[in-house]
Enquirer: 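First the structure, which I've put down as structure tokens, then a few questions once you've had a look.
In what follows, chains carry the letters A, B, and so on, assigned in the order in which the sequence lines appear, proteins first and then strands, with residues in each chain numbered from 1.
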2 protein chains.
Amino acid sequence: MNTDAIINSFKQYLPLGKADSAALAERLIEKRIKRRHFVLQQGDICRHYSFVVQGCLKMYKVDDKGQEHNLQFAIENQWITDIGSFHSELPSELYIEALERSIILQISKDQLIYLYVNHPKFDRNFRVIIENAFVDLQKRVLQNISCTAEERYLYFKEKNPELFNRISNVQIASYIGVTPEFLSKIRRSLASR
Amino acid sequence: MNTDAIINSFKQYLPLGKADSAALAERLIEKRIKRRHFVLQQGDICRHYSFVVQGCLKMYKVDDKGQEHNLQFAIENQWITDIGSFHSELPSELYIEALERSIILQISKDQLIYLYVNHPKFDRNFRVIIENAFVDLQKRVLQNISCTAEERYLYFKEKNPELFNRISNVQIASYIGVTPEFLSKIRRSLASR
DNA sequence: CCAATTTCTTAAACTATATTAAGACGCTTT
DNA sequence: AAAGCGTCTTAATATAGTTTAAGAAATTGG
């Protein structure tokens, strides 16, 4: 199990010392997920935070009509989890599914609390991670209530260049909240300018 | 300055001891805000977390066309701040404005960090507050990309009964992301069933 | 490599929402 | 009482986005 990436990823916040890193490494579980396989399914309790070492995951909800709505993607060095279910220990309404063959590192609630209590840096680090995610999510809400689908598409492309070239337009359409047909129309209109 | 409400509000998470409560109370600033006056204006750095003791505030963005888009409301016992600006110390793009004559308690970044370092319960408490806000925000994104305006309106009403009867329809329309005229249409259609 | 599946696109008809303009109502302020 | 202001509504017209259906191109699984 290679934990370099995850330990490295904390460097941007409060870097971990040797003891912190070791404590973390001991508590991680590595999983390999095939394309189209699930890390979390609706109805299950989300028991882990997952860090993507390699690959790409999506988290989404399926509505009454069976349509999928993408809430979040995660590629290398990003975290993904249903925080609501994780903390409440109630069944999740979401799926987390691999878009590519992926390798993830997971930590359970018990182990995370152990880290919070015994290695205070994790407390701070995870708060910063959530705060950043929160700010991004606020921007997304503002966009959803104030921008056109075309603007949301261009913003997604600009802010996620890596992801943009890695996933299908169907996935992007589901994320920005339009049908694939309409996204196709947007793309044609943009191309012809 | 009455700090009962704010100390009480932490009870639902990790209750504060006497020393914690006193440390917090010492670091709060009380402000009285008149209707239509600002706690934060676009271009200013957001220097405080604000806790509403009494009254009602809204946080919103003004777009290029001068339209307001409501990101968040806060009534009694709720927190409001531009977390992005607060942490980055960069100018905010948002306004926080009083919809009613309000009383708030504010804490600055320095003082908050002091609490985090010397009274670890605040670390945990503020993380939980943000996690809960994060989960609500995710639900709102999911709604925005998957529900009709009518569904968003009904959900808002159900989840915010207090607020619903306290603010104008113009404010609700701006929050759910439709024009006031269209909200009026939705309401007529609902009334006639 | 083949067969199956998914993806992307097009177009026409339809539905949801925005825009513009106008008038009615209730609240404040003078 | 009058004037002004914000709110709510209505309606006509315009635009944004969905639905349905179909076919071609690309990707994937065996």
Enquirer: Tell me the interatomic distance from B/Leu190, atom CG, to D/dT9, atom P, rounded to whole angstroms.
Expert: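 Roughly 12 Å, once rounded to whole Å.
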
Enquirer: Here's a test of your reading of the structure: between B/Arg36 and B/Arg188, which maps to the more 5' nucleotide of DNA chain D?
Expert: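 Between the two, 5'-proximity favours B/Arg36.
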
Enquirer: Answer yes when B/Glu131 and B/Arg127 have at least one side-chain N-carboxylate O distance shorter than 4.0 Å, and no when they do not.
Expert: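 Yes, this pair counts.
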
Enquirer: Atom NZ of A/Lys34 and atom P of D/dG29: how far apart are they, to the nearest Å?
Expert: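 Distance, rounded to whole Å: 11 Å.
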
Enquirer: Using 30° and 60° as the class limits, which term best fits the ring planes of A/Trp79 and A/Phe51: parallel, tilted or perpendicular?
Expert: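 Perpendicular, since the angle between the ring planes exceeds 60°.
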
Enquirer: Which nucleotide in the set C/dC8, D/dT28, D/dT9 lies at the smallest distance from any side-chain heavy atom of B/Ser184?
Expert: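 Side chain of B/Ser184 sits closest to D/dT9.
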
Enquirer: Verify, without hydrogens or angle tests, whether A/Arg166 (side chain) and A/Gly55 (backbone) share a donor-acceptor contact under 3.5 angstrom.
Expert: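 A pair under 3.5 Å: yes.
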
Enquirer: So if I take every side-chain heavy atom of B/Asn169 and compare against D/dG29, D/dG6, D/dC8, which nucleotide ends up nearest?
Expert: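 Out of D/dG29, D/dG6, D/dC8, the nucleotide with an atom closest to B/Asn169's side chain is D/dC8.
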
Enquirer: Can the ring centroids of A/Phe122 and A/Tyr116 be said to lie less than 6.0 angstrom from one another?
Expert: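 They do not qualify: ring centres at least 6.0 Å apart.
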
Enquirer: Do the non-hydrogen side-chain atoms of A/Arg47 and A/Lys109 ever get within less than 4.5 Å of each other?
Expert: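 Not in contact.
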
Enquirer: Could you give the CD-to-P distance, from A/Gln143 to D/dA16, as a whole number of Å?
Expert: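 The answer, rounded to whole Å, is 17 Å.
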
Enquirer: Between B/Arg187 and D/dC8, is there a contact of a side-chain N or O with OP1 or OP2 at under 4.0 Å?
Expert: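 B/Arg187 to D/dC8 OP1/OP2: no side-chain N or O under 4.0 Å.
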
Enquirer: Mind checking whether B/Phe126 and B/Phe10 have ring centres under 6.0 Å apart?
Expert: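 Yes, the ring of B/Phe126 comes within the 6.0 Å limit of the ring of B/Phe10, centre to centre.
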
Enquirer: Quick one: B/Glu151 CD to D/dT18 P, roughly how many Å, whole number?
Expert: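 Value for this atom pair: 14 Å.
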
Enquirer: Return the value, rounded to whole Å, for the distance between atom CZ of A/Arg101 and atom P of D/dT28.
Expert: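 Value for this atom pair: 11 Å.
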
Enquirer: For nucleotides 16-30 of chain C, just jot down a letter per nucleotide in 5' to 3' order: B, S or -, based on protein non-hydrogen atoms under 4.0 Å.
Expert: -BBBB----------

Enquirer: With ILVMFWY side chains joined below 4.5 Å, transitively, what does B/Val117's cluster contain besides itself?
Expert: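 B/Ile113, all in the cluster of B/Val117.
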
Enquirer: Taking CD1 from A/Ile167 and C1' from C/dC8, how many angstroms apart are they, rounded to a whole number?
Expert: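 Taking atom C1' of C/dC8 as the reference, CD1 of A/Ile167 is at 15 Å.
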
Enquirer: Nearest whole Å is fine: how far is D/dT7 C1' from B/Arg35 CZ?
Expert: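 The answer, rounded to whole Å, is 11 Å.
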
Enquirer: Grab the stems for DNA chain D, please: at least three consecutive Watson-Crick or wobble pairs, both distances below 3.5 Å, written as range with range.
Expert: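 Detected stem regions: C:1-30 with D:1-30.
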
Enquirer: Students often mix this up, so state it plainly: with edges at 30° and 60°, are the rings of B/Phe156 and B/Tyr175 parallel, tilted or perpendicular?
Expert: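 Plane angle between 30° and 60°, so tilted.
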
Enquirer: Looking at every heavy atom in both B/Glu76 and B/Val53, which two are closest together, and how far apart are they?
Expert: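 Heavy atoms only, the tightest pair is CG-O, 3.3 Å.
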
